[in-house]
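Here the structure comes first, spelled out in structure tokens, and everything after it is commentary.
Below, chains carry the letters A, B, ... as their sequence lines are ordered, and counting in each starts from 1. Keep in mind the model is a prediction, meaning the values are calculated, not measured.
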Amino acid sequence: MIVTQKVKPVSKEIMEEVGFGWHTDDDGTPYIIPELIPVTSYEAEAYYEAGNAIYEMFVEAGQHVIDNNLFAELGIPENLIENIRMSWDDDDWHLYGRFDLAGGIDGQPIKLIEFNADTPTSLFETAIIQWAILKANGLDEASQFNNVYEAIRDNFRRLITEDDGIEKFVEYYNDEAILFSAVRDLPEDEQTTRLLEKMAQDAGFRTEFCYFDQVGFLENEGVFNENEEHFKLWFKLWPWENIGDDEPELTDILRKIALNRKAVVINPAYTLMFQSKGILKVLYDLFPDSPYLLATSDQPLEGIKQVEKPVFGREGENITILSEDGETENSRDGEYDHHPKIYQEFVEFPKDEKGEIYQAGLFFAWEPCGLGFRRGDEILDDMASFVGHIIE
Amino acid sequence: MKHIKKIKSYSMVGSLGLTVTALLQGCGESAQDSTMPPAPESNMESLQGDLQEQNYFLVIEQTGADPDKYQLAEKHPTQGATRAVLRGLDGSETILSNEELTALAEAEAAKVEAGTSNLTQPAAEASSGGMGLGEMILASAAGALIGGMLANKLSQNQNYRNNQKANTRPAAQVSQPGKQRSAPSATQKSTPKSGFGGKQGGSSSGSAKSFGG
């Protein structure tokens with residue numbers, strides 16, 4: 001049973017001042033819960049170990065997908081395969097991702113639910129807001145597994161230094177600028193993108209921001225902002241599968257830009273392999289004995305309670321929980337039903353006395369770097385809340 | 001062997017750390033604070049930066065009492081006004097506004113003028129193990145607080161420079177890679193066109209609240 005520690009909330013005014021405007025859900029309830037989940041040092045360390053082990057398995061699974069041409073099984077649009085292969089072969093840098101995990105607290109084992117490898121959010125609340133809760137309550141700021149800001153800042157430097165060590169950044173940096181883009185009129189996406197832009201500035205990069213509808217592309221030259229300034233690095237908070245499905249012309253231009261080595265996109269196209277829940281089956285096929293993996297198949301599992309999920313989907317949409325007899329126990333509608341499905345062994349999440357469940361979000365940027373929790377109903381949706389943690 | 005890292009300095013939450021701390025203490029001015037683009041940061045370059053009135057967010061730690069001694073823990077370039085977090089011996093934190101910092105710096109500058117400040121004494125004669133608060137502040141951000149002329153005058157004083165060098169190197173400092181250069185001009189032969197066909201990439205006309213996950 002999860003028992004949280006009640007704390008004083010950070011005021012809405014302060015959250016808005018730092019750019020975090022989505023502190024309240026549509027029904028008027030707070031998205032940031034003024035409570036902290038107690039986590040032991042041992043538990044925090046176990047999350048760290050799990051993140052590293054799971055990422056290594058993803059890298060092997062990615063190579064397996066590429067070697068065996070399993071893109072269709074992952075639901076990946078055909079027009080993105082070449083981008084994925086090129087970004088993989090070029091070792092384009094994966095800036096950051098977030099593992100969603102069951103367990104890890106309350107005596108329950110850590111199990112991988114999915115990897116938000118391409119366009120992870122919850123960044124602001126994990127990196128900044130839960131730290132601010134400690135500050136607002138006079139709590140020790142070292143009592144949190146949270147160096148997300150520093151880790152992503154350093155990983156920006158590795159876009160230039162790669163494996164040579166971030167201290168080489170000053171020597172290697174040659175004024176490469178990063179263009180950051182988000183969809184217009186989506187404050188959460190824009191502010192998440194602008195937070196990443198700030199991290200890049202702190203890393204030492206020159207940066208610009210413009211909305212997607214302002215970005216220009218030339219297949220022989222690369223990516224441009226609305227002032228026709230050229231950029232070798234482009235960060236996009238827009239899912240690769242949407243680019244492939246909705247923007248075939250752009251996808252083709254991006255393929256040619258990659259072929260001509262005129263720009264690098266962040267996160268790279270190969271993160272779509274990690275993002276697809278289809279890779280959960282590949283992982284389980286390759287590593288059936290891993291303590292972190294749940295049994296997963298592209299066919300219904302025999303005789304066990306399980307969860308049916310589309311390979312691409314967000315905010316709990318089109319998730320169905322099936323009993324061991326195959327009966328629907330719980331489900332949510334949504335707009336992702338056209339994607340292929342996977343079937344993942346059901347696992348209980350840690351719960352509190354009200355029966356609300358807690359899912360850990362573990363950020364990964366070169367290494368695991370920060371922990372936060374989402375709280376909600378059995379199928380977490382866009383009404384789930386964020387809860388910070390404190391290491392006891 | 002422990003691997004996880006925890007927040008242990010303001011640099012780990014970037015410039016937003018100061019903004020949050022200032023707001024929590026009810027000092028909300030210049031909340032849209034943000035770090036500057038890259039600036040040089042070796043000691044002499046730092047002084048030259050001061051002379052150009054580079055503004056800083058300082059974290060000053062008290063290291064001793066009676067007489068009170070301080071050391072510079074963190075120093076970050078900022079586009080907002082120069083401000084500081086003063087961390088007491090008991091771990092308490094107080095925000096020093098630009099006005100408070102300026103008053104302390106001016107008082108110390110007057111001592112410099114009168115030849116009574118430790119900053120203009122040979123380093124060996126100046127007290128060791130930290131500096132007085134005014135000394136620390138003036139040595140850390142003279143240009144930003146008292147203006148270029150007096151700061152420039154100070155920088156001519158070898159003792160000041162030695163003291164500044166010895167005492168204000170922050171224990172933690174965001175590394176500042178090379179100087180910002182002007183943007184290279186694009187060499188496009190034709191006008192780039194947007195590849196977005198006016199679907200979700202162009203607007204959020206759909207029902208989505210976020211494309212993140």
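In this structure, no portion of A:Glu167 lies under 4.5 Å from any heavy atom of chain B. For A:Ile166, no part sits under 4.5 Å from any heavy atom of chain B, backbone or side chain. Residue contact with chain B, scored on non-hydrogen atoms closer than 4.5 Å, involves the side chain of A:Phe124 exclusively. At a 4.5 Å heavy-atom cutoff, A:Ala177 makes no contact with chain B through either its backbone or its side chain. Only the side chain of A:Leu195 comes within contact range of chain B, with heavy atoms under 4.5 Å apart.
Within 6.0 Å of the CG atom in B:Asp66, the count of heavy atoms belonging to other residues, nucleotides or ligands does not exceed 12.
The minimum heavy-atom distance linking B:Leu24 with A:Ala132 is given by the pair CD1-O, 4.1 Å.
Among A:Glu190, A:Arg314, A:Glu367, A:Glu219, the residue with the largest count of heavy-atom pairs under 4.5 Å with chain B is A:Arg314. Interface summary for chain B: among A:Pro239, A:Ser181, A:Cys369, the most heavy-atom pairs under 4.5 angstrom belong to A:Pro239. Chosen from A:Thr121, A:Val10, A:Leu371, the residue pairing most often with chain B at heavy-atom distances under 4.5 Å is A:Thr121.
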